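Worksheet: one structure, shown below.
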Protein chains: 2
Amino acid sequence: MKTRITLKKIANEFGVSISTVSKALKGSHEIGEELRGKIQAFANYYNYKPNNLALQLRSQKTSVIGVVIPEIVHHFFSTVIDGIEHYANNKGYNVMVCVSNESYEKEVLNFNVLANGSVDGLIVSLARGTQESRKYDHIKGLVKDEFPFVMFDRVVDEIECDKVIIDDMGGACKATEHLIETGSKRIALLSTKDFVSVGLLRKEGYIKALYQAGYTVEDDLIYKIDDSKNLYDQIKKVFESPIMPDAILAVNEVYAANALIIAKEKGYSVPEDIAIIGFTSGLISEFTSPPLTSVRQHGFLMGEQAAELLINRIEQKEPQGFKTEIISTSLKIRKSTKS
Amino acid sequence: MKTRITLKKIANEFGVSISTVSKALKGSHEIGEELRGKIQAFANYYNYKPNNLALQLRSQKTSVIGVVIPEIVHHFFSTVIDGIEHYANNKGYNVMVCVSNESYEKEVLNFNVLANGSVDGLIVSLARGTQESRKYDHIKGLVKDEFPFVMFDRVVDEIECDKVIIDDMGGACKATEHLIETGSKRIALLSTKDFVSVGLLRKEGYIKALYQAGYTVEDDLIYKIDDSKNLYDQIKKVFESPIMPDAILAVNEVYAANALIIAKEKGYSVPEDIAIIGFTSGLISEFTSPPLTSVRQHGFLMGEQAAELLINRIEQKEPQGFKTEIISTSLKIRKSTKS
DNA sequence: AAGAGTTACTCAAACGTTTTCGTGTTAGTA
DNA sequence: TACTAACACGAAAACGTTTGAGTAACTCTT
């Protein structure tokens, strides 16, 4: 690659000092009109653009915000990024995305790369590996130094920082209530392992709704799916229990869609024999047959809120207290539940 | 935010020079054992990490690669990013993602931010707005300066650089052939406006297969969908033509899934009355009913290849010629086509 | 004609590193 | 004793930029 043109080279070309060139390019009246014009024309011809690294080093500001997420091929997370991008760009920031791949080690690595001058702040959703191991020192170090830091979706109580969360409990509760209202008596829950914070919260919402309706919570009806194993086989077990459930609440779209497929394979009709609701942020639910009633998560809004919190934190003059924003869900009723 | 500790501060603390501290932290034997140990302990205690911007400015290398894509909430593009991330991380690079939102102006803006020292190279898929306007000066400038630059998927012939493309023509051709082999006589094509390069290529593949089979190409069977308008209404027209087609090839997953929904609404059975194939990289096709036969695009591989080309270009000693890698598709046969 | 003001520049520090070269002190050798 | 080598550290340049302070050479005023 040809080396880019710098102030120094232009200065040499004209036999003037670097500061003269800098000022000339900024249109300063300190520099004579003739020279100023010549320098500008020259710089323009050679397509001069100030080097970002130098600017950032000098100003101690990168105008970049870092995002660390567990996965990127995931409708919810990519929607959140979109929201972050949207808000950040409007405020003059760029976004640097890193993927932890659900691994604690990779997450720590990403932190080290990003939080050493490369970005002005960090927006993070925890890797499964991190939640599982409960090792948060890499985060606590940043928070202690008051590094601008926002967590979203997969957060953890013991870290004090700005947070944005989905109202997982409320969403699951509303969904469960809807199933109860439409006549379901035995509602199965397709959840994740308990260390995934959102899985746990959704389970609590499910339980809350059952309690409020006077239903008993049966552990047999709660299935903890392991994402690293075959989904189909695990979900099939729901349909092999001695007393079949008449409804399923799934904590994500793919679980719900799989449940729907299996139900139909087994000859059950949806929603008559079994109703299904999934949490979702993607498109799958719209195109299944019947389309799935689902708890919508509004990832874009979440991303915007996270970016807003972070940029406020970055640009704050006075220290401010930490906020937790809660994004409420909405229940999109389609055809996989009775009316 | 508390200011991070620097070499200078440590140097002051010990009353030594900055270079001494730098050497001590690197474990140099130039520095006496005792002092070296003390400095290391001190730095460690205050969690010293060298400032990336300073390192990058000095070494003239960022180890970051920039990616500019039209959308991020898009299964194909996020899969490509995943592939880029994967390869780049293995080679010690990080990834900075920017979204052009299909807009030419935003794309140019992203280029200006990224290609001024912030990244060592750029991987780009063109915005629709850019393809439509045919304004490529922002790219040509970079290429002229031999800035490491790779295009993928939405490329353009007149720019000479490394490229990675899907075998769109081959994929569409294979899909069309499959429809012909399974008895379809009137095959409709759901394509995009012609300025989208991949839409055009897929149309050519479709036409090629028809020619080879001795079919005539009927313009009435080619529908150019406008993404900015209502998809459902546009696709419905396919089913309102005087002579109904008996098969549909859609250039993406969402068109195909919509076609399937509409076909069923109109009382046609799939694949008996009408067979459907879509291009895809997402999950929708798996969960429709019947699941959609589709042309798989292998975005992850594409991302890996793009990253490989770029990093080779960045690290090249001798100038090399430009390469174009072609990622072949595979036809995943499901239930929306006859056997 | 001397002081003040303007014009058109240059200097140098600062951001945080790394690294080459230089230098003063001490110890060892002939 | 005088020369050399080893040791332990410092000085300064370099990456590219911005910016406040400094300085010549003018011009104007009275």
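This one's a predicted model, so the numbers in the text were calculated from it and none came from an experiment. Heavy-atom basis, side chains included; hydrogens, waters and symmetry copies ignored. Sequence lines set the chain letters: A, B, ... in the order given, protein chains first and strands last, and positions in each chain run from 1.
Rounded to an integer number of Å, the gap from B:His29 NE2 to D:dC9 P is 14 Å. In this structure, B:Asn52 places its CG atom 14 Å from C1' of C:dT18, rounding to the nearest Å. Put simply, CZ on B:Phe14 is 15 Å from C1' on D:dC9, counting in whole angstrom units. Rounded to a whole Å, the CD1 atom of B:Ile31 is 12 Å from the C1' atom of C:dT19.
A donor-acceptor contact closer than 3.5 angstrom is absent between the side chains of B:Asn312 and B:Lys323.
Counting only residues at least two apart or on different chains, the side chain to side chain donor-acceptor pair (under 3.5 Å) pairs with a member in residues 9-19 of chain A are A:Thr3-A:Lys9, A:Ser17-A:Ser19, A:Ser17-A:Thr20. For residues 140-152 of chain A, every residue pair satisfying the side chain to side chain donor-acceptor pair (under 3.5 Å) rule, not counting sequence neighbours, is listed here: A:Lys140-A:Glu158.
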In a table with atom names and distances, give each donor-acceptor pair under 3.5 Å that connects a side chain of residues 39-46 of chain B to protein atoms at least two apart or in another chain.
| from | atom 1 | to | atom 2 | distance (Å) |
| --- | --- | --- | --- | --- |
| B:Gln40 | NE2 | B:Ala24 | O | 3.0 |

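Partners of A:Lys49 under the side-chain contact (heavy atoms from CB on, under 4.5 Å) rule, at least two apart in sequence or in another chain, are A:Arg4, A:Asn47, B:Asn112, B:Asn116. A:Lys163 is linked by a side-chain hydrogen bond (donor to acceptor under 3.5 Å, both in side chains) to nothing, counting only residues two or more places apart in sequence or in another chain.
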- For each nucleotide in nucleotides 14-24 of chain D, reading 5' to 3', give B when a protein heavy atom comes within less than 4.0 Å of its base, S when such contact involves only the sugar-phosphate, and - otherwise. BBBBBBBB---
